[in-house]
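Data block below; observations after.
Predicted model only: the values in this text are computed from it and were never measured.
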Amino acid sequence: MKLPIYTIDAFTDKAFAGNPAGVCITNEALEVELMQKIAAEMNHSETAFLVPDNSDAEHYNIRYFTPQAEIGFCGHATLASAKLLFEKHPSEKIKLTTYSGLKIDALKVSKGIKMGFPIYETDTFLFPPSVTQALGMVHFSETFYAPNPKMLAIVIEDENQLINLKPDFSQLQKSLSDLVAIIVTCSSKDQNIDFKSRVFCPWVGINEDPVTGSAHSVIASYWANKLNKTSMNAYQASARGGHLFLELTKENLWVTGNAIIVLEGNLHIQ
């Protein structure tokens, strides 16, 4: 059996930057075990699997797998999937439904692809000092936690500290359990960027995620309140880097970004 497979760099307008995602479209759903094996073989932070809804040409069901586990939502793999669908099936709108029932609209716009992401509620969260020690962090100003999708956000004031963080990922993983990611974020000195972040996910097999759309569903409301803005330019300051344009409404976080298809081929399944 041959399965078409793609690597698509998301949240960038040039190849070999942003966050690469695997994307696989099949007429019928694959077995979970096979999807997990394919995601491990692709070895991107996430691989998305799409199945068309035969009753609606614009609608697809989507699932996301890291090399080690299935996750409920992945922003950059959603963007990568929408990019492929718009390329293969010219349209102005794509509707995606995740395995957990989240419904996402993706629209073609002049700046790229605009997607309606959820806004996650956050709570206060106390964590042990071993977390900041594992991050190599001395000072932070605020923290908050999103139970769904199990992400902890840490706000710092020094952009240089953000850039220079070198976490001990083994120690970080031991410091907290039942977590998907830690987001470290700060305001930006760049007049064209409102805030920056980095995202660490050793709990799901990804030490640092290059660009994380779902993390912005956690931190966008914080920065909107802090900066008194509903439209913001965000940058994830990983080695590959990635840009996101955010528009906050009462119902959704609208995230706009670009993506580039860099690889197309077939998986041979024995």
Is a donor on one side and an acceptor on the other found under 3.5 Å between the side chain of [X] and the backbone of [Y]?
| X | Y | value |
| --- | --- | --- |
| E264 | I5 | no |
| D168 | A134 | no |
| T66 | V204 | yes |
| S141 | V155 | yes |
| Q236 | L244 | no |
| T185 | S197 | no |
| T143 | F125 | yes |
| W203 | L176 | yes |
| T212 | S214 | no |
| Q161 | I156 | no |

How long is the straight-line distance from [atom2] of [Y] back to [atom1] of [X], given to the nearest 0.5 Å?
| X | Y | atom1 | atom2 | result |
| --- | --- | --- | --- | --- |
| T47 | K37 | OG1 | NZ | 15.5 Å |
| H59 | L50 | NE2 | CG | 10.5 Å |
| Y235 | R198 | OH | CZ | 11.0 Å |
| T230 | N225 | OG1 | CG | 11.0 Å |
| Q171 | Q133 | CD | CD | 8.0 Å |
| F169 | C201 | CZ | SG | 9.0 Å |

In terms of hydrophobic clusters joined by side-chain contacts under 4.5 Å, are [X] and [Y] together?
| X | Y | answer |
| --- | --- | --- |
| I119 | W254 | no |
| F195 | F245 | no |
| F144 | F117 | yes |
| I62 | F11 | yes |
| L172 | V218 | no |

Within 6.0 angstrom of [X] [atom1], more than 12 heavy atoms from elsewhere:
| X | atom1 | answer |
| --- | --- | --- |
| K108 | NZ | yes |
| H268 | NE2 | yes |
| N266 | CG | yes |
| E121 | CD | no |

Less than 4.5 Å apart, side chain to side chain, heavy atoms only: is that true for [X] and [Y]?
| X | Y | answer |
| --- | --- | --- |
| I219 | M151 | no |
| L85 | V23 | no |
| L30 | L3 | yes |
| W223 | D194 | no |
| T124 | L126 | no |
| Y6 | K88 | yes |
| L179 | Y145 | yes |
| S221 | Y120 | no |

Minimal non-hydrogen separation, [X] against [Y], with atom names:
| X | Y | value |
| --- | --- | --- |
| I154 | F140 | CG2-CB, 3.6 Å |
| G136 | L165 | O-CD2, 4.1 Å |
| G22 | H44 | N-CD2, 3.4 Å |
| M115 | A106 | CG-CB, 4.1 Å |
| E142 | Y222 | OE2-OH, 2.8 Å |
| A146 | T122 | CB-CG2, 4.1 Å |

Check against side-chain contact (heavy atoms from CB on, under 4.5 Å), T256 and E247: CA-CA 8 Å; T256 302; E247 298 169 279; 4.2 Å; yes
Can you label the angle between the F65 ring and the F49 ring as parallel, tilted or perpendicular, going by 30° and 60°?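 Ring orientation of F65 relative to F49: perpendicular.
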If you measure from the Lys or Arg side-chain nitrogens to the Asp or Glu carboxylate oxygens, is any gap between R240 and D9 under 4.0 Å?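 D9 and R240: salt-bridged.
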Under the side-chain contact (heavy atoms from CB on, under 4.5 Å) criterion, do D105 and K93 qualify, and how do the steps go? CA-CA 7 Å; D105 287 341; K93 180 179 179 179; 3.7 Å; yes
Under 3.5 Å, which donor-acceptor pairs do the side chains of residues 70-83 form with other protein atoms, sequence neighbours left out?
from : atom 1 : to  : atom 2 : distance (Å)
E70  : OE1    : R63 : NH2    : 3.0
E70  : OE2    : R63 : NE     : 2.8
E70  : OE2    : R63 : NH2    : 3.3
H76  : ND1    : N19 : ND2    : 3.2
H76  : NE2    : P20 : O      : 3.3
T78  : OG1    : Y64 : OH     : 2.7
T78  : OG1    : C74 : O      : 2.7
S81  : OG     : A77 : O      : 2.7
K83  : NZ     : E87 : OE2    : 3.1

Assess the residue pair D209 and E46 against the criterion (side-chain contact (heavy atoms from CB on, under 4.5 Å)); give the C-alpha distance rounded to whole Å, side-chain angles, the decisive distance to 0.1 Å, and a yes or no. CA-CA 10 Å; D209 197 33; E46 279 84 14; 4.2 Å; yes
